[in-house]
J.: 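Have a look at the structure that comes next, please.
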Amino acid sequence: MFEKVDTNVNFPKEEEKVLAFWDEIRAFEKSLEIRKNNDEYVFYDGPPFATGLPHYGHLLAGTIKDVIPRYQTMNGKYVDRVFGWDCHGLPVEYELSQELGLNSKSEIEEYGIAEYNEACRGIVLRYTAEWRQFVKRIGRWVDFENGYRTMDRDYMESIWWVFKQLWDKGLIYEGHKILPYCPQDATPLSNFEANQGYESVQDPAITVAFKLKDEPDAYLLAWTTTPWTLPSNLALTVHEDVDYVYVKDGDVTYVLAEARVDTYYPSSRPEIVKTIKGKDLLDMQYEPLFPYFEDLRAQGAFRIITAEFVTTEEGTGIVHTAPGFGEDDAEAGRVYGVPSVCPIDAECRFTSEVRDYEGRFVKDCDSDIVNRLKEEGKLVHRSTHHHSYPHCWRCESPLIYRAISTWFVNIEKIKDQMLRANAQIHWVPEHIKAGRFGNWLENARDWAISRNRYWGCPLPLWRNEETGETVCVGSIGDLEERTGGKFDDIHKHFIDPVIIEGETGPLTRVPEVLDCWFESGSMPYAQRHYPFENKDWLDAHFPADFIAEGLDQTRGWFYTLVVLGAALFDRPPFENVVVNGMILAEDGRKMSKRLKNYPDPMHVMDTYGADALRLNMLSSPVVRGEDLAFSEQGVQKTMRSVLLPLWNAYSFLVTYARVDNWQPTSERSDHPLDRWIRARLNHLVRDIRQGLDRCHLQTAATRFATFIDDMTNWYIRRSRRRFWKSDNDSDKLSAYATLYHVLLTLVKALAPFAPFITETIYRNLRASDMPESVHLCDYPDVIEADLDEKLEQQMAHTRTAVGLGRFLRSQANVRTRHPLRTAILVSMQEDVREDLRVLQDIIADELNVKDVDIRANEEEVVTLSAKANFRVLGPRLGKNMKAAAEKIAGLSSEEIRSLRQGHTHILDLDGAECLEITVDDILIQREEKEDMPVANEGDITVALDLYRDEDLVREGLAREIVHVIQNIRRDKELDVSDRIAVTYSVPDEVAPAFDQFRDYIMGETLCTTLVRADEVEGDAVDLEGQVVRFLVEKTSAS
RNA sequence: GGGCCUAUAGCUCAGUUGGUUAGAGCGCGCGCCUGAUAAGCGCGAGGUCAGUGGUUCAACUCCACUUAGGCCCA
């Protein structure tokens, strides 16, 4: 206790020591053990991929995931925190495919799915060591040992259980989804992948005429850049509200959007036969361009439908629609019951359905198709079109959008449950609930959960392709029972060969694996192998009390958790969620490894410390969903403005406690300063608790800075002398007891935010009967008896008065060191005068005046004028407000005085009615009188009597002398308790100051002998224009 | 293209149910203070509250549109 404190603190070094200490005493485990039998606060951790290194976003989310559980732990809750790893999915497969040089699905299958999957398993946890290093260094306490991994057998079995629940509820169905597809690799890509590879290309752009069935020689014009999709055309789409025109072109009539006529007929405007709205075209039938799917007319093909996506920006305003090859097309077709065809094989070659082009790669058929249409007179216009088009990120082939057989979760059926669940969630920031997330839920489409990939949790479906009989397996036991086999691993390569005997014959596995979001969304159940084990556990651990992730998870983890929670239990899966914004580089752009536009996180933590980084992030709006332009300077600033002052306050206490050999007591002092800082302290604790209870981290974090400022720059500064007294009198002991109590409480309150420095300080302040770590303490409660808003108000008024007095001194160019006779404080408010009176000693001392004169009559020092109180009068007066404001501005000082004495006043508003006003309807403004320098703020006005007599001048000199000697002490790096001998030479003019204030000077500077000499070999110092020399020698340590 | 968020001093951000001198910190300049401090205090300069229009007696605040940035979805 009270080991010597190094003022030259190196935070990162201290933090390393703390990390070692935590390891040594197993602090995290202990923090859990001591709460073992208490109420739980349930936290779910979202799993990251371990195939990349952690970045600032992870550190930020990790910090938030640390603060709240630490707070709740100190609050007495048991907060289990297990880490999780997202192991499956495309990111892993990409990484591996690149390493192995496998560029397509066929190459992977050639390589062998078993080998490939095992290789994936091998690299999945590649960076976990680095992750643990980062997580540990930022100070996050989380259980890695019992962490869940989505590729574990138990986890996957729970996923199957989740899937089976949905299956049994009839929420799973097979359908088609239009996906970008690489013809070279014969694989669908995610939209995310497609977005990676946009390139500018030139495609054919043709305008084609579709003959209307029931109108002779009338043709609909449609425009397309993918001629090869025309054989699969099954509809034409128009916009309901767009005007379409029939134009005469030679012997025939074309239909197109009116807005596009000028483009197609640039030289001369054709004759317009008639104009109709898009909705009037609805359901009109047309002749297919090609004969391949003619028989589909009976099922609703070859007619006009409408959709919102149609524009008149390009083309004809009539959109060629092939539901098998476009997302918009598929959706519009679905709405109107248009069938869908996709007559191409895995390599995107036409199948036999399109007999003329069978076996040829679709894009290679473009020109033949165009030529054929031209020969048949169906081609109206041809050109080329430059546009940005997605390409495969691996092989650079242009992608083809095509229907892929996909399994879906029917969101429509459970939307009500999802909305109900969302209604019960507390979002930080609040707006996400109804905004971003709520909107997303309202418009959510069915969720495509299958992937044509290898490394993932397999769909537990077996099917007879001929009869359609399908079985959903709900557990490994179920599978073993049905097959008689034994399965230690249910990854694709183990169960693909498995055949299940169905009622209609053998069933083979449906080859797809699950979307990894389905897997992470199953985390609340799968992390504990529910319901195969821990059956009761879930009752107490669902929903979570708290989760925290980035804004990008709105459509990710937050969404999938809610879908599954709503579908399975009709409940929200979490009750509180903190959504953090994105961390950008200092220039406001994305952080980019390539551009290196941000500092390495480890470097930041090694330079300023993890506490500084944590507090910097926590006090930024990034913890409520806004972006943070991260800057190293910001972290440094946090260190300087919060951590250093805290450390210095701590160092101050320890330094003097050592000098006096002081031991902690629990005294509750009555000294006004002590009562004030305790009031501030409890006010702080109350605010922090309120903030943390509602997961408002930023408001909480920023409160510490103001408190620490109050503590160091007012409480300690004002109390310094109390610590210097040579006797251990009661006032000194009060000061010690108070500062000790304040610091100890403060580090406990701050511990969840800055776990390192608080631990270091706590360890050196704790008595032997206290817990060995600050993180094993209880979170401070508000001591109601210490709250004192009245006193806080008094001190605020006092500090205002002091500030005003300082301003006057600086205006008059009179240093605070030079004492003045009187400060005049004026306020018309009796309660304000009382406030100032209570603490007037502080004002006198701060302003270095002999007397404080508190007066009521402001008019002695200022001229008063009045201004309308808009807030009060506005609602009452409405339109007459302006006239009243003018009248009020013109009130005389007598009228103002009369109002202030409680009288009412009648204003004659020209032309309008009269208005009776009271003092509450005006605001008093104060202006300095010409001959009286004053300063004013609010209800307080200050004036200073600047006349200095001989005594005051001499006393000022004495203080100058003390100041000079103190500076010499400091330059000589003397200890605060070293005694000194001073010899000085001085001109006679200044000598009386030394003689008259001899005791004062010696006392202030711990000087044992003060001797005047003619010649002194010391530094020359300017003292009010006179040259003085001092020789300062250390005589002894105290 | 759609949804949501953001835009206030050179920088980072506050700004109550709309109410009349728009605040703080950092940085800059001047002054002051200093047996804890890498500090602190006072003052000063620095603002078309992104832009346009509207509602209102009154708009940083409410509404519409526009511009720029961010996230997500197309």
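Lettering of chains follows the sequences in order, A, B, ..., and the numbering in each one begins at 1.
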J.: Would A:Glu327 and A:Arg445 pass as an ion pair if we require N to O under 4.0 Å?
T.: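 Looking at A:Arg445 together with A:Glu327, the answer is yes, because their closest N to O distance falls below 4.0 Å.
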
J.: Taking the C1' atom of each, how far is B:G40 from B:G3, in whole Å?
T.: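 The same atom, C1', in both gives a distance of 49 Å.
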
J.: If pairing requires Watson-Crick or G-U wobble contacts with both distances under 3.5 Å, which nucleotide is the partner of B:A7?
T.: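 For B:A7, the partner nucleotide comes out as B:U67, under the 3.5 Å rule.
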
J.: From the set B:G70, B:U20, B:A36, return the single nucleotide nearest to any side-chain atom of A:Leu584.
T.: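 Looking only at side-chain atoms, A:Leu584 lies closest to B:G70.
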
J.: With both distances under 3.5 Å as the test, what is the Watson-Crick or G-U wobble partner of B:U48?
T.: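 Its partner: none found.
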
J.: Please determine whether a side-chain nitrogen of the Lys or Arg among A:Glu846 and A:Arg718 lies less than 4.0 Å from a carboxylate oxygen of the Asp or Glu.
T.: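 Yes, A:Glu846 and A:Arg718 are salt-bridged.
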
J.: Would you measure the distance from the C1' atom in B:G27 across to the matching atom in B:C57 and give it in whole Å?
T.: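 These two C1' atoms come out 41 Å apart once rounded.
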
J.: Nearest-Å distance, CZ (A:Arg640) to C1' (B:A38)?
T.: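 Checked: the CZ to C1' distance equals 6 Å.
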
J.: Quick one: classify the glycosidic conformation of B:G27 as syn or anti, with syn meaning within 90° of 0.
T.: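 Anti, which is what one calls it when the glycosidic angle falls more than 90° from 0.
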
J.: Under a 3.5 Å cut-off for both contacts, is B:U61 paired Watson-Crick or G-U wobble with anything, and if yes, with which nucleotide?
T.: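 B:U61 is paired with nothing.
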
J.: Measure the distance from CD on A:Glu442 to P on B:C72 and round it to the nearest whole Å.
T.: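 Atom CD in A:Glu442 sits about 22 Å away from atom P in B:C72.
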
J.: Would you check if A:Met795 and A:Leu673 make a side-chain contact, meaning some heavy-atom pair closer than 4.5 Å?
T.: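 Contact flag for A:Met795/A:Leu673 side chains = yes.
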
J.: Nearest whole Å is fine: how far is B:G70 P from A:Ile432 CD1?
T.: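 The answer, rounded to whole Å, is 18 Å.
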
J.: Please name the nucleotide paired to B:G29 by Watson-Crick or G-U wobble geometry with both distances under 3.5 Å, or report none.
T.: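 When the pairing criteria are applied, B:C43 turns out to be the nucleotide that pairs with B:G29.
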
J.: Heavy atoms only, 4.0 Å cut-off, all strands: where does A:Ser641 land among base, sugar-phosphate and nothing?
T.: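 A:Ser641: no heavy atom of the nucleic acid under 4.0 Å.
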
J.: So, A:Tyr656 versus A:Tyr736, ring centres under 6.0 angstrom or not?
T.: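 Centroid separation for A:Tyr656 and A:Tyr736: 6.0 Å or greater.
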
J.: For the P atoms, the ones on B:C60 and on B:G19, what distance do you get once it is rounded to whole angstrom?
T.: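 Straight-line distance between the two P atoms is 10 Å.
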
J.: Rounded to the nearest angstrom, tell me the gap between atom CH2 in A:Trp517 and atom P in B:C73.
T.: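 Whole-Å distance recorded here is 9 Å.
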
J.: Identify whether any heavy atom of A:His431 sits under 4.0 Å from a base atom; if not, whether one sits that close to sugar-phosphate; answer base, sugar-phosphate or nothing.
T.: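 Sugar-phosphate contact only.
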
J.: Across the strands shown, which category fits A:Gly634 at heavy-atom distances under 4.0 angstrom: base, sugar-phosphate, nothing?
T.: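 The answer is nothing, as A:Gly634 stays clear of every strand by at least 4.0 Å.
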
J.: Among the nucleotides B:A36, B:C11, B:G42, which one has an atom lying closest to any side-chain atom of A:Lys637?
T.: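 Output: B:C11.
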
J.: Sticking with atom C1', work out how far B:G15 lies from B:U20, rounded to a whole angstrom.
T.: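 Straight-line distance between the two C1' atoms is 15 Å.
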
J.: Base, sugar-phosphate or nothing for A:Val9? Non-hydrogen atoms, less than 4.0 Å.
T.: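 If one applies the 4.0 Å heavy-atom cut-off, A:Val9 turns out to touch a base.
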
J.: Can a side-chain donor-acceptor contact be found between A:Tyr608 and A:Glu632 if the only test is distance below 3.5 angstrom?
T.: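 Side chains of A:Glu632 and A:Tyr608: pair found under 3.5 Å.
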
J.: With respect to the side chain of A:Arg871, which nucleotide from B:A36, B:G40, B:U17 is positioned closest?
T.: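 Of the options given, the side chain of A:Arg871 lies nearest B:U17.
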
J.: For B:A24, give the paired nucleotide (Watson-Crick: N1-N3 plus N6-O4 or O6-N4; G-U: N1-O2 and O6-N3; both under 3.5 Å), or none.
T.: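 Across any shown strand, B:A24 pairs with B:U12.
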
J.: Give the nucleotide from the list B:C73, B:G40, B:C13 with an atom nearest to the side chain of A:Asp709.
T.: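 Of B:C73, B:G40, B:C13, B:G40 is nearest to the side chain of A:Asp709.
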
J.: Where the side chain of A:Asp552 is concerned, which of B:C33, B:C72, B:U21 is the nearest nucleotide?
T.: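 Comparing B:C33, B:C72, B:U21 against the side chain of A:Asp552, the answer is B:C72.
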
J.: Of all the choices, B:A38, B:A36, B:G70, which nucleotide is nearest to the side chain of A:Leu644 once you look at every atom?
T.: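 Comparing B:A38, B:A36, B:G70 against the side chain of A:Leu644, the answer is B:A38.
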
J.: Which of the following nucleotides, B:C4, B:C5, B:G2, is nearest to the side chain of A:Asn439?
T.: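 Of the options given, the side chain of A:Asn439 lies nearest B:C4.
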
J.: With sugar-phosphate meaning primed atoms plus P, OP1 and OP2, does A:Arg817 contact a base, only sugar-phosphate, or nothing at under 4.0 Å between heavy atoms?
T.: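 Touches sugar-phosphate only.
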
J.: Ignoring backbone atoms, establish whether A:Lys433 has a side-chain N or O less than 4.0 Å from OP1 or OP2 of B:C4.
T.: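 Checking A:Lys433 against B:C4: no side-chain N or O falls below 4.0 Å of OP1 or OP2.
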
J.: Reading RNA chain B from 5' onward, which residue's closest nucleotide shows up sooner: A:Gln966 or A:Ala629?
T.: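 Going by which nucleotide is closer to the 5' end, it is A:Ala629.
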
J.: In whole Å, measure the gap between the P atoms of B:G35 and B:U12 for me.
T.: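 To the nearest whole Å, 37 Å.
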
J.: I need the CZ-P distance between A:Arg799 and B:C41, as an integer number of Å.
T.: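 From A:Arg799 CZ to B:C41 P: 8 Å.
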
J.: Would you indicate which nucleotide in B:C57, B:G35, B:A36 comes nearest to any side-chain atom of A:Glu1004?
T.: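 For A:Glu1004, the side-chain atoms sit closest to B:G35.
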
J.: Answer yes or no: is there an ion pair linking A:Arg694 with A:Glu430, defined by an N-O contact shorter than 4.0 Å?
T.: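 Looking at A:Arg694 and A:Glu430, the cut-off is not met.
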
J.: By the 4.0 Å heavy-atom rule, please label A:Leu1006 as base, sugar-phosphate, or nothing.
T.: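 Answer is base: heavy atoms of A:Leu1006 come under 4.0 Å of a base.
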
J.: For B:U55 and B:A74, measure between their P atoms and round to the nearest Å.
T.: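 It works out to 41 Å between them.
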
J.: With the threshold set at 4.0 Å, does a side-chain nitrogen-carboxylate oxygen contact exist between A:Glu1004 and A:Arg959?
T.: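 Looking at A:Arg959 together with A:Glu1004, the answer is no, because their closest N to O distance does not fall below 4.0 Å.
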
J.: For side chain to side chain contact (heavy atoms under 4.5 Å, CB included), just list the numbers for A:Trp714 and A:Asp709, CA-CA rounded to whole Å, side-chain angles, deciding distance to a tenth of an Å, and then say yes or no.
T.: CA-CA 7 Å; A:Trp714 193 253; A:Asp709 185 70; over 6 Å; no

J.: Looking at B:C33, I'd like to know if its phosphate oxygens (OP1 or OP2) sit under 4.0 Å from a side-chain N or O belonging to A:His963.
T.: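 For A:His963, the contact criterion (side-chain N or O under 4.0 Å from OP1 or OP2 of B:C33) is not met.
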
J.: Let me know the distance between CG of A:Asp710 and P of B:G40, rounded to the nearest Å.
T.: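 Going from CG in A:Asp710 over to P in B:G40 covers 14 Å.
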
J.: Over all strands shown, is A:Pro621 touching base, sugar-phosphate only, or nothing at heavy-atom distances under 4.0 angstrom?
T.: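 Sugar-phosphate: the residue A:Pro621, judged by heavy atoms under 4.0 Å, touches backbone atoms but no base.
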
J.: Expressed as a whole number of angstroms, how long is the span from A:Ile708:CD1 to B:A36:P?
T.: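 My rounded result for the distance is 19 Å.
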
J.: Mind checking the C1' distance from B:C32 to B:C49? Whole angstroms is fine.
T.: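 To the nearest whole Å, 34 Å.
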
J.: P atom, B:C62 versus B:C5: distance in rounded Å?
T.: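 The same atom, P, in both gives a distance of 12 Å.
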
J.: Paired with B:U55 by Watson-Crick or G-U wobble geometry, both distances under 3.5 Å: which nucleotide is it?
T.: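 Pairing partner, where one exists within any strand: none, as none qualifies.
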
J.: To the nearest angstrom, how far is A:Ile761 atom CD1 from B:A36 atom C1'?
T.: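 It is 13 Å, rounded to the nearest whole Å.
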
J.: Any side-chain N or O of A:Tyr650 under 4.0 Å from OP1/OP2 of B:A36?
T.: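 No, A:Tyr650 has no side-chain N/O under 4.0 Å of OP1/OP2 on B:A36.
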
J.: If you measure from the Lys or Arg side-chain nitrogens to the Asp or Glu carboxylate oxygens, is any gap between A:Arg799 and A:Asp710 under 4.0 Å?
T.: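 Counted as a salt bridge, because a side-chain N and a carboxylate O are separated by less than 4.0 Å.
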
J.: Using heavy atoms to find the nearest nucleotide of RNA chain B for A:Gly1003 and A:Gly435 separately, return the residue whose nucleotide is more 5′.
T.: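 Residue closer to the 5' terminus by nearest nucleotide: A:Gly435.
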
J.: Nearest to the side chain of A:Arg624 - B:A14, B:C72, B:C57?
T.: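 Selected nucleotide (nearest to the side chain): B:A14.
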
J.: Among the nucleotides B:G2, B:G70, B:U34, which one has an atom lying closest to any side-chain atom of A:Arg720?
T.: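 The nucleotide sitting nearest to the side chain is B:U34.
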
